[in-house]
Amino acid sequence: MEIPEKYDANEAEARWRERWEADQIYAWDPSRPREETFVVDTPPPTVSGELHIGHVFSYAQQDLIVRYQRMLGRNIAYPMGWDDNGLPTERRVQNVFRIRPSRELPYDPEWQPSADRGPKEAVEEVSRLNFIEACERVCEEDEQAFEALWRQAGLSVDWKLGYRTIDAHCRRTAQLSFLDLHERGQVYQTLSPAMWDADFATAIAQAEVEDREKPGAYHDIRFAIEDGGELLIATTRPELLGACIAVVAHPDDERYQKLFGKTAVTPLFHAPVPILPAAHADPEKGTGILMVCTFGDAMDVEWWRNSGLPLRQLIGPVGRIVPAHWGEPPFQTREPEAAARAHAELEGRTVKQAQRRIVELLGDDGSLVGEPRPITHPVKFYERGERPLEYVPTRQWFVKLLEHKDALLEQGRKITWHPPHMRTRYDNWVEGLNQDWCISRQRFAGVPFPVWYPIDEAGAPDFERPLLAERERLPVDPLAEPPPGYGPEQRDQPGGFAADPDVMDTWATSSLTPQITSHWATDPGRHERLFPADLRPQSHEIIRTWAFYTIVKAWMHEGQIPWHHITISGWILDPERKKMSKSKGKVMTGSELLSEHSTDAIRYWSGRARLGVDTVLDPSVFKQGRRLTTKLFNASRFVLGQLEDSGADLGAVATNEIREPLDLAYVARLRGLVERASGAFERFDYAGALQATEEHFWEFCDDYLELVKLRSYAEQDGAGRHSAVATLLLALRTFLRLFAPFLPFVTEEIWSWRFGDGGARSIHRESWPCLAESDDVPAPAQAESFACAMEVLRKIRQTKTQAKRSLRWPVERLEVRGEAGPRAALEAALSDVLSAGNADPEACKVAQGAAPEGERFSVCATLSEQAD
RNA sequence: AGGCACGUAGCUCAGUGGGAGAGCACUACCUUGACGCGGUAGGGGUCGCCGGUUCAAUCCCGGCCGUGCCUACCA
């Protein structure tokens, strides 16, 4: 095969991508047994339209491990899924098309989403199904972009194993999971205050909550005490005054002890509320006495639950103040009319607006003492939300977690974490759980609950007796299909049924990715072969969601761990050390960087980064990768060129012809590399393998190649030449395969020239280098020959550089002094040293003598007056 | 506030109980018989600070400082 002079990475990479796809070299073979299989539980990226280099970085790291395993001969099951459920998708669709879903509107088959509607036009309301269609359309476009990126990045995915979390198979799996957990008593429904995002108007789970430091202010508000006197409440949420159900202070707080049992009266609303001791009141904070509202925070919820006091819900599902009938329970008041007047001022306002207004009212009323005192404090947000969470009493489905903490910690310990300290994050999360998993979302684009409720003759749904779908009929859409035993005309009729209107948390589906790939729901035989998976690669911020929930599900359904190993990638940081996905301004897309620097160079950069370690985006590392690629190309060209140019039959040289002392010593080094790189990969330490390989490769080029260059193309076709060529070929075959996971394109290109039969045998299906390949090469008598030869050659080079001569400049006379041991090792390889240094063998003297501290030889090279 | 991790050359990062390293950047030189998308040589670091263990500490232990993340913190 013709060996090109220059390497055109973009051309070669495009060519090999097509070839690999055509040859299906990454296909999983369903006929091979479990023990030969390596199953990857690949992260299904959230199809949200953002494509940045951070994605490429972490997915490339998985691919390194996968490619190593493939070269060990494993049958790889490496799927790629898309997570197109959930709020990120809905939000994008809402913004792109400027539409809002409505539960009331009927489906309009003519309607088409259009991104061209200008920002000035009103937001359009569309039916649930039209909205879902728009979501699917956006996802499909994004999925194509992602797939193109993954292909460009050289991921060795078997695309036939792909899935989308909204496809029928995934919906069936998620619904089956729900039914199974229901049967096992691990899910329950309850009507209680749930953490609520007002913009999305849905409940969310603890795992999706994050704290943000926000400015706020203490407002000191005067409450009357019914027997006379008053107290001062400090609150950051004056707008919840109407929701106040009690006033509490610490039981040991002497300032307030005498008030316990009395009744306070709120300003504006004149509501009588008990003054009670409560352990959670901190005497140091605010005024030491606080109002309990329904609901200001999690503490309020917990305290209310145990108090038996009424629920005065003020904040509605869209984050505005709802109507209230002051004077009627639960809104007891001493002055109904005044309370109603105050409430009218707030009703319909958002929380923020209501706060501003009530502060004015309290000021006018004389109940606000002094000016608000600004503070910053942590406020809980839905991680993708923009308004602080509220607590809204609603009916939600939960998966039991709190009673299983110990078991879940135990499951975590059965999994090998890479790096190990990442398990601590899992442990911290499990230990800190304070709620069960809320899995229902009051949204649209997601997997519906396979549940209906019977409606009694009075028209009220009976939530205690849910009607569950039959397993064989999954997936179902309860909003479109009737439950077993009912007809469609009975929907929402007395004596009929009502569908559960909610969809599941996106994690309720993505926590099943191992079972989705294994076809747990439909194919027990395949499940047996693919579950548990071997590897879960992911990033650290979703340990508490994806890793955690996946462990939960595998344990609840089958008492199993979902995978044996979990690898945690670090983040890519921009030059300001911010996470790439959060970078502001212009960020180069992954595709741009791959084209500019070549995929191999970008993968090299990924491979350099250790698991779990955040990495700054540094183009100098791309450059290093590019340089390595070029060097590999050129060195290979030289080695294989020896075979091409030769009149002699060097194509048949074999390892058993390796006899020269220098070559034997070099093969010994190469064997050390194979052991080191393989050991590193076995520990999932691809970066260690790359580092070892790269170091050895540069040594191979700069030192070994230079030493044997002349011998390898010596005029006479002798044993020395055969030994050199055989060693070069062994080394090249070894390096190419050691680099193949990192640099899949250039290694394949080179492999195809001679070893791969023009690409018919892909390097990616060759076997990983092993010691047996060089077992017929005897151990060197002088193991130090290579090191000694290099030391002398370096000193000759040094002399020439200092004399500002080229490296081929002839050496007229060479004197080497050293001890007997090193001398013997050197002399075994002396002829190679002399030819590499262009020194006259007749004028070379090696003798007994002292060497400088820490070195073996003292070398004196006298350069010729003139070049040859 | 607790936990985990990190702090090594100007930058990005390896590393080990005994010699401080790589790439980039920088300096000088080499016009190359695989490679100028190259090569050779070189300058540059009290390995965050303070203690301890040890014959010996950048590495092990303790404390401190700084950075990042995880968890907690809404009156």
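All values below were derived from every heavy atom in this structure, side-chain atoms included, with hydrogens, water molecules and symmetry-related copies excluded.
Dense packing is recorded around CD of A/Glu213, with more than 12 heavy atoms of other residues, nucleotides or ligands lying under 6.0 Å away. Annotation for A/Glu230: atom CD counts as buried by contact number, over 12 foreign heavy atoms lying within 6.0 Å.
Side-chain N/O atoms of A/Asp618 and A/Ser620 include a donor and acceptor closer than 3.5 Å. No side-chain donor-acceptor contact under 3.5 Å links A/Tyr704 and A/Glu699.
Here A/Ile568 lies out of heavy-atom contact (under 4.0 Å) with every strand. Within the 4.0 angstrom heavy-atom criterion, no nucleotide atom of any strand lies near A/Cys293. Residue contacts for A/Lys623: at a heavy-atom cut-off of 4.0 Å it reaches the sugar-phosphate backbone alone, with no base atom in range. Nucleic acid contact for A/Leu705: base, since at least one base atom lies under 4.0 Å from a heavy atom of the residue. Among the atoms of the strands shown, none is found under 4.0 Å from any heavy atom of A/Thr629. Among the heavy atoms of the strands lying under 4.0 Å from A/Lys804 are primed sugar atoms or P, OP1, OP2 only; no base atom is included.
Atom CG of A/Leu732 is separated from atom C1' of B/A34 by 12 Å (rounded to the nearest Å). Rounded to a whole Å, the CG atom of A/Asn428 is 14 Å from the P atom of B/C73. Whole-Å rounding puts the A/Glu699 CD to B/G21 P distance at 16 Å. Atoms NE2 (A/His280) and C1' (B/C74) sit 12 Å apart, rounded to a whole Å.
Rounded to whole Å, the C1' atom of B/G23 lies 27 Å from the corresponding atom of B/G18. Atom P of B/G2 sits at a distance of 25 Å from the matching atom of B/C50, rounded to the whole Å. Taking the P atoms as reference points, B/G36 lies 41 Å from B/G17, given to the whole Å. When the P atom is compared between B/C4 and B/G19, the two are found 31 Å apart, to the nearest whole Å.
Contact annotation: side chain of A/Thr630 to base of B/C37, donor-acceptor pair present below 3.5 Å. Judged by distance alone with a 3.5 Å cut-off, a donor-acceptor contact links the side chain of A/Glu706 to the base of B/A34. Donor-acceptor pairing under 3.5 Å, judged by distance alone, is present between the side chain of A/Asp211 and the base of B/C73.
Proximity note for A/Lys709 (side chain, C-beta onward) versus B/A34, B/C74, B/G3: the nearest is B/A34. Picking from B/C74, B/C70, B/U40 the nucleotide with the shortest atom distance to the side chain of A/Asp702 gives B/U40. In this structure, the nucleotide among B/A72, B/A14, B/C37 sitting nearest to the side chain of A/Arg626 is B/C37. The A/Ser620 side chain lies nearest to B/G23 when the options are B/G23, B/G2, B/G39.
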Review point. How far apart are the C-alpha atoms of A/Tyr7 and A/Glu749, what are their side-chain angles, what is the distance that settles it, and do they pass the side chain to side chain donor-acceptor pair (under 3.5 Å) test?
Key: CA-CA 9 Å; A/Tyr7 181 56; A/Glu749 175 80 0; 5.9 Å; no
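The existence of a salt bridge linking A/Asp832 and A/Arg711 is confirmed by a sub-4.0 Å separation between a basic side-chain nitrogen and an acidic carboxylate oxygen.
Regarding contacts with the backbone of B/A75, a side-chain N or O of A/Tyr218 is found under 4.0 angstrom from either OP1 or OP2.
Secondary-structure annotation of RNA chain B gives the stems B:1-7 with B:65-71, B:10-13 with B:21-24, B:26-30 with B:38-42, B:48-52 with B:60-64, with a stem taken as at least 3 successive Watson-Crick or G-U pairs whose two distances both fall under 3.5 Å.
Under the salt bridge (charged side-chain N to carboxylate O under 4.0 Å, His left out) criterion, no residue pair touches residues 289-302 of chain A, with sequence neighbours excluded.
Cation-pi geometry between A/Arg733 and A/Phe755 is met: under 6.0 angstrom from the ring centre, within 45 degrees of the axis.
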